[in-house]
Visitor: 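Can you read through this structure? Questions will come right after.
Each residue takes its place number in the sequence, starting with 1. We count ligands from 1, going down the list as the structure has it; atoms in each ligand are counted the same way. A quick note: this is a predicted structure, and the numbers were derived from the prediction, not measured.
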Amino acid sequence: MTALIEAHDIHLAFGETPALRGAALAADAGEAVAVMGPSGSGKSTLLHCLAGILRPDAGEVHFDGRRIDTLGEGARSALRRDRFGFVFQFGQLVPELTAEENVALPLLLGGTRRAAALAEARPWFARLGLDGLEGRRSGELSGGQAQRVALARGLVTRPRVLFADEPTGALDSLTGEQVMDLMTAAAREEGTTIILVTHEARVAAYADREVVVRDGRSTSLSGDRIAS
Ligand code: ADP
């Protein structure tokens, strides 16, 4: 099977700092891949290249049979909006908006009318254990609740790929487990691919497979190692 999303031989430097020096990663449809490695090894940079946020200096990124790293900013931005979902370490909800407006935001940005966008957003509250919190603003939510709202926002467009960068990094371990359980269950039901950046082995254990990044280079580990 051809991978849904794939990066080959990615090189990227920030000025004099080489962040990626030949990194690679491939994920099939519906697969969850954890990107592991020490802080500063290039994990987030690799995620940003895969998601079309950064353009690598060299190497190729393909999504759904199409090369995407050579697309212009407008096309990559449309791809991010329509095909990809994102969850970051700190939920980054818009504080002026209610929880349900935050969840509906990617749909609103994509041109869906407000009533229709809110109607799409609502079922995610029951699904992620957030019933009754629709009208709250981010300041009135716990860290775990806010991150579940961010997860709903990441999934509301039914993306092909969900990019999660240290999604449990700001949560205590129990709340982090809840978020990972919900994320992996929802992605499995929707057939969404997950690219999960984490430095924690117990978070990576939710994925089907691991890719380890060290000094900007990656090594793919088989699922057997995770299972053992
Ligand atoms: P990780 O996610 O594994 O912690 P990063 O991908 O964030 O690693 O960073 C890889 C390297 O690139 C580090 O040396 C980091 O300091 C550097 N780096 C990352 N982002 C930037 C940036 N925007 N400007 C300059 N250097 C950066």
Side-chain angles (χ1 to χ4, degrees), residues 3 5-27 31-63 68-74 76-77 79-81 84-92 143 146-147 150-151 153-154 159 161-173 175-177 179-180 183-184 187 192-222 225-226:
I5 187 158
E6 197 164 5
H8 297 287
D9 198 19
I10 302 295
H11 292 253
L12 190 141
F14 294 103
E16 295 293 296
T17 313
L20 294 174
R21 300 188 289 171
L25 186 153
E31 193 181 26
V33 176
V35 183
M36 294 276 291
S39 179
S41 56
K43 303 183 295 297
S44 295
T45 306
L46 180 57
L47 180 146
H48 291 154
C49 287
L50 280 160
I53 295 170
L54 289 174
R55 283 178 76 164
D57 300 330
E60 296 188 6
V61 182
H62 294 253
F63 167 69
I68 62 166
D69 58 284
T70 47
L71 296 174
E73 180 51 48
R76 281 183 289 121
S77 149
L79 190 64
R80 292 196 295 272
R81 189 190 63 215
F84 299 160
F86 295 89
V87 185
F88 297 106
Q89 178 169 357
F90 302 101
Q92 288 163 341
Q147 197 60 328
L151 176 58
R153 182 185 55 188
V161 184
L162 180 70
F163 291 96
D165 195 347
E166 302 279 8
T168 64
L171 305 175
D172 63 65
S173 56
T175 313
E177 274 172 38
V179 167
M180 287 310 302
M183 182 188 298
T184 44
T192 307
T193 298
I194 299 181
I195 307 289
L196 166 70
V197 164
T198 181
H199 62 278
E200 290 183 80
R202 67 194 161 77
V203 175
Y206 282 85
D208 301 310
R209 212 153 51 72
E210 276 177 39
V211 168
V212 178
V213 180
R214 272 182 207 287
D215 298 330
R217 294 191 183 87
S218 54
T219 318
S220 216
L221 302 177
S222 75
R225 181 184 172 279
I226 293 185

Visitor: Looking at atom 8 (O) of ligand 1, what's its closest protein heavy atom, distance included?
Guide: Gly42 N, 3.2 Å
Visitor: So does Val213 get a backbone contact from the side chain of Ser41, meaning a donor-acceptor N/O pair under 3.5 Å?
Guide: yes
Visitor: Which residue is it: Asp69, Leu20, Ile68? I am looking for the one with a side-chain contact (heavy atoms from CB on, under 4.5 Å) to Cys49.
Guide: Leu20
Visitor: Output the list of atoms in ligand 1 that are nearer than 4.0 Å to some heavy atom of Ser41, sorted by atom number.
Guide: 1 (P), 3 (O), 8 (O)
Visitor: Could you identify the single nearest non-hydrogen protein atom to atom 3 (O) of ligand 1 and state the distance to 0.1 Å?
Guide: Lys43 NZ, 2.8 Å
Visitor: Return the CG to CZ distance between Leu196 and Arg209, rounded to the nearest 0.5 Å.
Guide: 12.5 Å
Visitor: Looking only at distance, does Phe14 have an N or O less than 3.5 Å from an N or O of ligand 1?
Guide: no
Visitor: Distance check, rounded to the nearest 0.5 Å: Leu25 atom CG versus Thr219 atom OG1?
Guide: 11.5 Å
Visitor: At under 4.0 Å between heavy atoms, is it the side chain or the backbone of Leu46 that contacts ligand 1, or both, or neither?
Guide: neither
Visitor: Working to the nearest 0.5 Å, report the span between CZ of Phe84 and CD1 of Ile195.
Guide: 9.0 Å
Visitor: Heavy atom to atom 1 (P) of ligand 1, shortest distance: which of Gly40, Cys49, Gly216, Gly15 holds it?
Guide: Gly40
Visitor: Starting from atom 7 (O) of ligand 1, what is the nearest protein heavy atom, named by residue and atom, and what distance separates them?
Guide: Ser44 CB, 3.8 Å
Visitor: Go through ligand 1 atom by atom and flag the ones less than 4.0 Å from a non-hydrogen atom of Thr17.
Guide: 14 (O)
Visitor: Donor-acceptor pair, Lys43 side chain versus Pro38 backbone, under 3.5 Å?
Guide: yes
Visitor: For ligand 1, is there an atom lying under 4.0 Å from some heavy atom of Pro18?
Guide: no
Visitor: I'd like to check His199 versus Ser39 (side-chain heavy atoms, cut-off strictly below 4.5 Å). Are they in contact?
Guide: no
Visitor: Would you say that Tyr206 contacts Glu177 through its side chain, given a criterion of any heavy-atom pair below 4.5 Å between the two side chains?
Guide: yes
Visitor: Under 4.0 Å from any heavy atom of Ser39, which atoms of ligand 1 are there?
Guide: 4 (O)
Visitor: Just to confirm my output: which protein heavy-atom neighbour is closest to atom 6 (O) of ligand 1, and how far is it?
Guide: Thr45 OG1, 2.5 Å
Visitor: Is any N or O atom of Ala19, backbone or side chain, closer than 3.5 Å to an N or O atom of ligand 1?
Guide: no
Visitor: Short check: is a protein heavy atom less than 4.0 Å from atom 10 (C) of ligand 1?
Guide: yes
Visitor: Heavy-atom contacts with Pro38 under 4.0 Å: which atoms of ligand 1 show up? List them by number with element.
Guide: 3 (O)
Visitor: Under the 3.5 angstrom rule, does the side chain of Gln147 hit a backbone N or O of Thr168 as a donor-acceptor pair?
Guide: no
